Amino acid sequence: MSIVKTKYSLEDTNLFKSIRLGTKELKNRAVFAPSTRSRSAPGDVPSDLMLKYYEDRSKDNGGLIITEGTFVSKEASGYSGAPGIYTLQQAKAWKLITDKIHKHGTFVSCQLWNLGRAADPFELKERGVPYVAPSVVYPNEDAEIAARKSGVELQALTLKQIEEFKKAYIEAAKYAINVSNFDYVEIHSAHGYFLDQFLEPSTNHRTDKYGGSIENRARLVLEIIDSLIKEIGADKIGIRVSPWAEFGGMKGENESIHPIVGIGYLLSELQQRANKGNELAYISIVEPRVNAGFTIPLENLKDYKQLKSNLWIYQIWRGNIIRAGAYLTDREDNYQLIRNDVNANNRTLIAFSRYYTSNPDLVKRLKYGLELTPYDRPTFYTHTNYHYGDWTFYGQENKSKPEDEESKKLPVALVSA
Ligand code: PHB
């Protein structure tokens, strides 16, 4: 089929210029943002459905795919359907996926995930692991009720448990780079998950070296990064932060210490490491227009243009920045937001999640300005192949129906135990 470029084409922007991340040269700056889609097989093993899903999104691309949140250990889990990278079986299954992605000249980062207080206590009970966080502060009342009912109540981490989690990050990253052949690992330090729970004062009441001051609250994530720099090299590491997000019971700008101060310190420390020759491949930031996967209604954002912005990050961190959050909601303005942000300098990448789910060839559609297929949020976190592996490429009709055999398929482990 011959493709006709439309007025929405972004081909002339920096989005379609190459960029170096660490030692790799990406062909474009359009990134698949990390997106939980719950299609891993039992035992947190990457599945056949995931293989096709990631391969489809790597075709005709050449940019960067960041995986969905991937557990660094069984103790970091507590959510069904998300994959892990804490056993050799899981790492070998991921290798089959990265091989397909690399075959198409596309790059891939493994997002290293740990839930902390965001875990489901019933799921933890089934897995026989404790429910832990920096301090005993539940994300909301429902979580507290679920914890009481399940008998698995939230406990403050001991120093020994913190040491074990540090090791888990290192082991998972070594699996990711040395066994699964990922190009990068990304430390998930956003959205109210484990490491973010350390960063913010409302979720961290510790009185040891991991709590109290800004330096102490950022200590764990920096210790993990420093160990990873030694083990795999700074050029293979990314980190994600979400200064504004009020997701998962976090307070965002209503924290007692504004997140710009705390996250600013963390980024300043990372820049110090860069100045000494250990520059991370990228920093990934979430825009204030979204709360994780949800666009904040415009009427709640009246003051957004004046007040909330991530531009301060550019002044502290001098390296590559991946920005994500509702960049595709308004096409009629000719994708002006993408144009402005990606063209503002030579170190910005833009990441997309929701429309990347329903448009496997999103990068090509943006290049030529082609119509986007709307996404279907109710199927984001279901477990069958319906509205997961069945999204079609531009110009192909999507005929799949929930009752089709192909749609009803459940994930099967790519590598057996
Ligand atoms: C989600 O599963 O909705 C989710 C996971 C990770 C995030 C944000 C949202 O960072």
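Indexing begins at 1, ligand by ligand and atom by atom, following the structure's order. Because the structure is a prediction, the values reported are computed rather than measured.
- Around atom CD of E403, more than 12 heavy atoms belonging to other residues, nucleotides or ligands sit under 6.0 Å away.
- Comparing F247, Y381, F294, Y193 by heavy-atom distance to atom 6 (C) of ligand 1, the nearest is Y193.
- Taking a cut-off of under 4.0 Å to the non-hydrogen atoms of W113, the atoms of ligand 1 that pass are 5 (C), 6 (C).
- Ligand 1 lies less than 4.0 angstrom from a heavy atom belonging to H188.
- Salt-bridge formation is detected for the pair D226/R273: a Lys NZ or Arg NE/NH1/NH2 atom is positioned less than 4.0 Å from an Asp or Glu carboxylate oxygen.
- Residue H191 places at least one N or O, backbone or side chain, under 3.5 Å from an N or O of ligand 1.
- Contact annotation: the side chain of N204 never approaches that of Q197 to less than 4.5 Å [non-hydrogen atoms, C-beta and beyond].
- Under a 4.0 Å N-O distance rule, the pair E75/R127 does not qualify as a salt bridge.
- Close placement of the F198 and F194 rings is indicated, their centers lying within 6.0 Å of each other.
- Interface of A292 with ligand 1, defined as ligand atoms under 4.0 Å from a residue heavy atom, comprises 8 (C), 9 (C).
- Residues R39 and T382 bring a donor and an acceptor atom of their side chains to less than 3.5 Å of each other.
- Of all atoms in ligand 1, numbered sequentially from 1 with element shown, those under 4.0 Å from a heavy atom of T36 are 2 (O), 5 (C).
- For ligand 1, the atoms lying closer than 4.0 Å to a non-hydrogen atom of Y79 are 2 (O).
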